[in-house]
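Down below is the structure, laid out as structure tokens.
Reminder, nothing fancy here: chain letters follow the sequence lines and each chain counts from 1. Given the structure is predicted, the values throughout are model-derived calculations rather than measurements.
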Amino acid sequence: MSAVEALRSALARAAVAVGAPESVAPVLERPRDPAHGDWATNLAMTLAKPLGKKPREVADALIAALDLTAAGVAEATVAGPGFINFRLSTADLASGLAQVLAAGSAWGTSSANAGKTVVVEFVSANPTGPLHVGHGRQAALGDAISSLLGSQGWTVTREFYYNDGGVQIANLALSVQARLRERAGDPLVIPEGGYHGDYIREIAATYVAECPNDPRGNDLEAVRAVAVRELRKEQDLDLKAFGVRFDVYSLESALYTDGRVQRTVDALVAAGQTFADDGALYLRTTAFGDDKDRVMRKRDGTFTYFVPDVAYHVTKFERGFTRAINVQGADHHGTTARVRAGLQALGIGVPLGYPEYVLHQMVTVVRGGEEVKISKRAGSYVTVRDLIDEVGRDAVRYFFLMRKGDSQLVFDVDLARSQSEENPVYYIQMAHARLSGIFRVGDVDPAEITAEGIDWAVLVEPAERELVKAILDWPVLVAGAAEAVEPHRVANWLLETARLVHTWYHKHHVLGEAPPVMRARLALAKAARITIANGLGLLGITAPERM
RNA sequence: GCGCCAGUAGCUCAGUUGGAUAGAGCAACAGCCUUCUAAGCUGUGGGUCGGGGGUUCGAUUCCCUCCUGGCGCGCCA
């Protein structure tokens, strides 16, 4: 049993002793001010009302009834409106590090969700151009969310859905055709809604090389096939540069060719959830919470985009995923109600909140204090590749993850590329490198550092007590971030912990200290290094040995 | 007009799911290099948590209302 659990159960017994109505689960949290102690509980305040007493009286009674030894507490005091603050002995506090050393790369993982499966869909771009910064945010978020869930025992499938059907693909083919005809000497006429970037010219060149008999792109279907293939290749390279890997790629076009779209429509009609009006077929999405009913089949006989999306999500459900999480830009939030409504209308037992959506706000890129909008190759937007080439993969990952998804994100290129204290990525990686440096310089193999024979009571300095607490809080932090699907909590924790590492490193030495102190501090350094490396790993960022 | 998201220090943002005197970085100011990386550290100043109501022992957090900004509201995706 860990120190916290011992304290919690001792408190629960004390609560019963002072007459609490039924069993309680006391809440323990870190006091904001470390001077207040190592743990604090608001138990007395929550019990005050049912007991009909003042909070501070209840607090005094709780302390009197508390078995301090069993709770592993050196001191308990009442403070403020009725908080009880606890101080642990340094030995009890720091000995928790033994778990960290034993767990290693598994520190912070949990098997709480073992046996449950989740599919995380992200990026899911149209293959109509290089990935833009919004896709980059999705890639960072989706990958980190997948890792977070995986760390908590979920079996995770990372999935990319190519929207390779519909009008936009037709516009892509026409845009390439326009460039082909320009090459052949015609005046350039890029169609309405077409694509203007330089990459369209590159695709035209590829097409001419492969199909010399059709320099004007008269075979539009062949043009389309080459364009989609080239852009999928391009996007794959973007993702590779970003270090993101997917387990499954799904194609919208396949949902048409294998009849899934038609079968989904038939099922919705059979379920009585549709109606025809003015030559179009509607789904009664209002029966499932949408603002208005939505067109499924247009008058021209083609389906609207959300129909294949519903068919696609049926496959996720049929593949047996407990949860489905979709990471998308907030500009897609209108579709969430539609997809869920379609799944409910089918009446096949899909849970109400399926799929879940993690929506993120827009990204703006700033350089030299000015917003950057244009990439040469893409024409109208900044690409992920631009950012990676300029500031590196680690910095791009961190910057996309350091803000809550539902905040708009300002990506400061100058800050991200600066190799200085101001840059949070460098600051965190530096903490890891410094910890590594202690072992390198001291010629100590970290593998030799175990909890065996360490006197934890020597870690009495305030700076090391704070670092110890941050390390021991890591598993709760990760579990909370996974539960809330919020990777930015990990990013913030890393920055704060890196700060504690730098403070400790600056104030106290490891090598050359008296043997018991050096040994305990080496253990602390190793535990900190493990935890920071695990945190960076979850975010897909490297933990360098030296910088 | 309706829906979703945001509004916290000069700037960029956290705030542990309702707790103590609201925090961090940058910027400003004052200091610190014979020791494991100064790519660093220490300290100081800085606030009507957008405004106003409500819920309760207690609200940045929950509810209502208004203001401002972003996104969406298509037989586009």
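Rounded to the nearest 0.5 Å, atoms CZ (R56(A)) and CG (D60(A)) are 7.0 Å apart.
Counted within 6.0 Å of CD on E370(A), heavy atoms from surrounding residues, nucleotides or ligands total 12 or fewer; the atom is thus considered open.
Formation of a donor-acceptor pair under 3.5 Å by the R87(A) side chain with backbone atoms of A76(A) is not found in this model. When atom types are taken as modelled, the side chain of S175(A) and the backbone of P191(A) share no donor-acceptor pair closer than 3.5 angstrom. Checked by atom type and distance alone, the side chain of Q235(A) pairs as donor or acceptor with a backbone atom of N126(A) at under 3.5 Å. Within the 3.5 Å criterion, the main-chain N or O of S418(A) finds a donor-acceptor partner in the side chain of N423(A). For the pair W107(A) (side chain) and I530(A) (backbone), a donor-acceptor distance under 3.5 Å is absent.
Glycosidic torsion of rU65(B) falls outside 90° of 0, placing the base in anti. Glycosidic conformation, rC32(B): anti, with the torsion outside 90° of 0.
In this structure, A40(A) reaches the bases: a heavy-atom distance under 4.0 Å links it to at least one base atom across the strands shown. Nucleic acid contact class of F439(A) (heavy atoms, under 4.0 Å, all strands): none. Residue D300(A) is out of contact with every strand shown, counting any heavy-atom pair closer than 4.0 Å. Within the nucleic acid shown, H508(A) comes within 4.0 Å of at least one base atom, counting heavy atoms only. If you check every strand for non-hydrogen atoms under 4.0 Å, G437(A) touches sugar and phosphate atoms only. Within the nucleic acid shown, N42(A) comes within 4.0 Å of at least one base atom, counting heavy atoms only. Among the protein residues, P31(A) comes within range of the nucleic acid bases, having at least one heavy atom under 4.0 Å from a base atom. Across all strands shown, N85(A) has heavy atoms under 4.0 Å from base atoms, whether or not it also approaches the sugar-phosphate. At the heavy-atom level, A48(A) lies nowhere under 4.0 Å from the strands shown. Here H509(A) lies in heavy-atom contact (under 4.0 Å) with a base.
Comparing the P positions of rG43(B) and rA24(B) gives a spacing of 10 Å, expressed to the nearest Å. Only the P atoms considered, rU44(B) is 16 Å distant from rA22(B), to the nearest whole Å.
When each of rC76(B), rC41(B), rC36(B) is scored by its nearest atom to the side-chain atoms of V441(A), the top-ranked nucleotide is rC36(B). For E29(A), taking side-chain heavy atoms from C-beta onward, the closest of the listed nucleotides rG19(B), rC36(B), rG15(B) is rG19(B). The side chain of F83(A) lies closest to rG19(B), out of rU37(B), rG19(B), rC41(B). For R403(A), taking side-chain heavy atoms from C-beta onward, the closest of the listed nucleotides rA77(B), rU37(B), rA14(B) is rA14(B).
Under the salt bridge (charged side-chain N to carboxylate O under 4.0 Å, His left out) criterion, R294(A) pairs with D290(A), not counting sequence neighbours.
In this structure, the side chains of Y505(A) and L435(A) stay at 4.5 Å or more apart for every pair of heavy atoms.
Between R434(A) and rA38(B) there is a side-chain N or O to OP1 or OP2 distance below 4.0 Å. One finds a side-chain N or O of Y427(A) lying less than 4.0 angstrom from the OP1 or OP2 phosphate oxygen of rC41(B).
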Under-3.5 Å N/O pairs linking protein and nucleotides 54-59 of chain B:
from, atom 1, to, atom 2, distance (Å)
rC57(B), OP1, K49(A), NZ, 2.8

Using a cut-off of under 3.5 Å, enumerate the N/O to N/O pairs linking the protein to nucleotides 42-45 of chain B.
from, atom 1, to, atom 2, distance (Å)
rU42(B), OP1, T503(A), OG1, 2.9

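Counting to the nearest Å, the C1' atom of rC71(B) and the CZ atom of R137(A) are 13 Å from each other. Atom-to-atom, OH of Y305(A) to C1' of rC73(B) comes out at 10 Å; the value is rounded to the nearest Å. Rounded to whole angstrom, the span from the CZ atom of F399(A) across to the P atom of rG25(B) amounts to 16 Å.
R403(A) and H360(A) form no side-chain donor-acceptor contact under 3.5 Å, judged by distance and modelled atom types alone. For the residue pair T286(A) / D293(A), a side-chain donor-acceptor distance below 3.5 Å is found, with atom types taken as modelled. Residues S436(A) and R546(A) bring no donor and acceptor atom of their side chains to less than 3.5 Å of each other. Using modelled atom types, one finds a donor on one side chain and an acceptor on the other under 3.5 Å when comparing Q429(A) with D394(A).
Pairs engaging residues 281-309 of chain A under the ring-ring contact (aromatic ring centres under 6.0 Å, His included) rule: F275(A)-Y282(A) [sequence neighbours left out].
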Inset, instruction - Using Watson-Crick or G-U wobble pairs with both distances under 3.5 Å, give me RNA chain B in dot-bracket, 5' to 3', with [ ] for crossers and | for pairs to another strand. - result: (((((((..((((.....[...)))).(((((.......))))).....(((((..]....))))))))))))....
Inset, instruction - Indicate for each nucleotide in nucleotides 1-7 of chain B, in 5' to 3' sequence, whether protein heavy atoms under 4.0 Å reach the base (B), only the sugar-phosphate (S), or nothing (-). - result: --B-SS-
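Residue order along RNA chain B, read from the 5' end via each residue's closest nucleotide, puts T41(A) first among T41(A) and R297(A).
When ring centroids are compared, H313(A) and Y354(A) stay outside the 6.0 Å threshold.
Note on K316(A) versus E159(A): no salt bridge recorded, every NZ/NE/NH1/NH2 to OD/OE distance being 4.0 Å or above.
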